[in-house]
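For reference, the structure discussed in these notes is given below.
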2 protein chains.
Amino acid sequence: MELSCKSEYALLALLELSTHYNTGEPLQIRQIAAKQNIPDRYLEQLLATLRRAGLVRSQRGAKGGYLLTQEPWKITLFDVVSCIEGIDAQSEQESAPTTTESLVVRGMWREVRQAAEAVLQKYTLQDLAEKRDAKHQMDIMYYI
Amino acid sequence: MELSCKSEYALLALLELSTHYNTGEPLQIRQIAAKQNIPDRYLEQLLATLRRAGLVRSQRGAKGGYLLTQEPWKITLFDVVSCIEGIDAQSEQESAPTTTESLVVRGMWREVRQAAEAVLQKYTLQDLAEKRDAKHQMDIMYYI
DNA sequence: GCAAACCCCAGTGGAGAACCGGGGTATACT
DNA sequence: AGTATACCCCGGTTCTCCACTGGGGTTTGC
């Protein structure tokens, strides 16, 4: 139930890509890592899995970098964390004597998961960007 | 976001204690472990943390065992998992350059947690027991 | 007093998180 | 063409936590 570093990094990186989305220019790992102070070699791995999941695409070579494959309002936070956290179809693991009680417990846990996922589904990268901008405005107001 | 073994075991054990609550007699680790097929030495540790959290009390010596400290409808699933999962006050860990973006991300994660916790808050051990009984009835119906 | 229970502490094996590093490959620019 | 600049892939490391096992101590009922 804790927000992992992985997911936070991924969200921050995609948020950065969101704000540069309209330029059409790719953003480089180094730039993202510097702005959000994320270890760059680690971020590289995360972006690789995001690429494999189809959320971003990469351009190799000089002047390369990463771009979102979709508009920021089409990518939900659920898309991000579920791919980075590796949902794995959650597997319904074992064979062994599953008691009635454990079925009941797992059933209610599904409700918990669905409640959490509902929240993640309703927010998009766009929403995050807007919240950040709103927060920036607030900070400026208070500064004056 | 996955249900850990720990929490599942703890919930199953408390569910077992719930059904024997009206007898007033203590239930032993071995009995609980056998019925829910949980490794007993492991369950011992979980019951110890539940005891330290005040959810159960223990009776030592021969004919000893564990009892709920409260009625089953007074113990929410949130009480159980938060104590077993060790909430640790979630610590707001680091000092370092927290960016505006990461504050926004964490703010939305709080919403996710609260949604999950809301579900856990609304269910009690009593509810689990009733669901189990209902499920048993269903199974009997289908069996005929 | 003795066996049945809980109590405490310690250790182990495996998995995953959060990194770091090296060498390979594609691409833009000169 | 050649070179610098990016991404790409594969590996290892340290650390923490989970799930579990084991040994020895203490309380209690018969």
Let's test your reading of the model: under 3.5 Å, does the base of [N] pair with the side chain of [X] as donor and acceptor?
{"X": "A:Glu44", "N": "D:dC8", "value": "yes"}
{"X": "B:Gln45", "N": "D:dT21", "value": "yes"}
{"X": "B:Arg41", "N": "D:dT21", "value": "no"}
{"X": "A:Arg60", "N": "C:dT27", "value": "no"}

(message) I need the CG-P distance between B:Leu43 and D:dC20, as an integer number of Å.
(response) 11 Å

(message) Rounded to whole Å, please give me the gap between CZ in B:Arg57 and C1' in C:dC6.
(response) 14 Å

Among side-chain atoms of [X] and [Y], is any donor-acceptor pair under 3.5 angstrom?
{"X": "B:Glu111", "Y": "A:Tyr123", "result": "yes"}
{"X": "A:Ser102", "Y": "B:Gln36", "result": "no"}
{"X": "B:Ser18", "Y": "B:Gln126", "result": "no"}

(message) Between B:Tyr42 and C:dT12, is there a contact of a side-chain N or O with OP1 or OP2 at under 4.0 Å?
(response) no

(message) Show the nearest heavy-atom pair for residues A:Met1 and B:Trp109, with the distance to one decimal.
(response) O-NE1, 3.4 Å

(request) Output the single nucleotide from C:dA28, C:dA18, C:dC19 whose closest atom is nearest the side chain of A:Lys6. (result) C:dA18

(request) Tell me which nucleotide among D:dT21, D:dC9, D:dC7 gets nearest to the side chain of A:Arg52. (result) D:dC9

